Amino acid sequence: NAWYNYQRAVRAQKKMQYEEEKKKREEKRLEREKMKEGEESKKIQYEDEHALCEYLTIHLEDTYLKNTAQKKKDKLEEAKAKKKAEVVAFIDDPFNNFKPVNKKMEDEYFGKKKGQKEEE
């Protein structure tokens, strides 16, 4: 009986500690939420919508208000610039004077394999 009473007392004490910790965590969470709301209230309202509208106006101006002949010239210039950037100048090839190796040259260089007789 004494052991059971002791266990109940320990459980009750742990439960009280848990409740206190739970209250502290809840208070911290509420503080964080208040700070977050304060930061959000400082932001400009509808910021994302403003950015979307700016993007849309730029796109529409480029698509419909810009001179089409000028656009074609710009595209051609961009294409030429890309081609120039893609072409790489040919530098002296280090493997220029190499020749393919045949079987006899390979044997001279690496030596005979095991079991092969030397032909002279």
Side-chain angles (χ1 to χ4, degrees):
N1 264 345
W3 184 80
Y4 289 111
N5 290 336
Y6 175 75
Q7 289 297 319
R8 284 187 204 127
V10 169
R11 270 191 237 121
Q13 188 178 15
K14 285 184 180 180
K15 188 175 181 180
M16 288 177 15
Q17 287 177 350
Y18 174 74
E19 293 295 328
E20 289 175 7
E21 290 175 5
K22 190 174 178 182
K23 286 180 186 177
K24 289 179 184 177
R25 284 195 301 263
E26 185 68 22
E27 289 173 2
K28 287 182 182 179
R29 186 184 63 82
L30 291 174
E31 283 182 31
R32 283 194 305 264
E33 285 180 4
K34 287 180 184 177
M35 290 179 67
K36 198 174 194 181
E37 289 174 6
E39 290 175 5
E40 288 179 5
S41 65
K42 292 177 185 176
K43 284 186 178 179
I44 301 171
Q45 292 182 344
Y46 308 109
E47 189 173 343
D48 297 333
E49 286 80 1
H50 284 295
L52 183 62
C53 289
E54 289 175 10
Y55 169 76
L56 184 61
T57 55
I58 291 170
H59 173 71
L60 292 174
E61 286 175 356
D62 287 346
T63 305
Y64 297 108
L65 297 179
K66 197 173 185 185
N67 188 1
T68 55
Q70 182 66 28
K71 283 174 62 175
K72 287 181 182 177
K73 286 181 182 178
D74 291 344
K75 285 184 181 179
L76 286 173
E77 289 174 5
E78 288 177 14
K80 288 179 182 178
K82 277 187 179 179
K83 279 189 178 181
K84 286 182 180 178
E86 288 176 1
V87 174
V88 178
F90 182 73
I91 303 173
D92 188 27
D93 188 14
F95 302 106
N96 196 13
N97 297 327
F98 282 81
K99 296 178 184 176
V101 177
N102 61 20
K103 192 74 170 175
K104 289 182 183 178
M105 289 176 66
E106 189 175 297
D107 287 342
E108 288 174 13
Y109 185 76
F110 292 111
K112 296 283 183 183
K113 294 181 184 175
K114 287 186 176 180
Q116 287 184 349
K117 294 183 180 178
E118 192 169 318
E119 297 176 15
E120 289 187 32

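Just the heavy atoms: all of them, side chains too, but no hydrogens, waters or symmetry mates, feed the values below. Note that this is a predicted model, so its numbers are computed, not measured.
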Considering residues at least two apart in sequence or located in another chain, which fulfil the side-chain contact (heavy atoms from CB on, under 4.5 Å) criterion with [X]?
X	answer
Y55	none
Y46	E49, H50
L76	none

About how many Å separate [atom2] of [Y] and [atom1] of [X], when rounded to the nearest 0.5 Å?
X	Y	atom1	atom2	value
E27	K24	CD	NZ	9.0 Å
D62	H59	CG	NE2	8.5 Å
E40	E37	CD	CD	7.0 Å

Residue pairs fulfilling side-chain hydrogen bond (donor to acceptor under 3.5 Å, both in side chains) with at least one residue in residues 1-12, sequence neighbours excluded: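 Sorted pair list: N5-R8.
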
Residues that, via side-chain heavy atoms closer than 4.5 angstrom, fall in one hydrophobic cluster with Y64: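 Other cluster members: L56, L60.
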
Those residues that, when tested against E33, pass salt bridge (Lys or Arg N to Asp or Glu O under 4.0 Å) (two or more places apart):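 With sequence neighbours excluded, E33 shows a salt bridge (Lys or Arg N to Asp or Glu O under 4.0 Å) to R29, given in chain and number order.
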
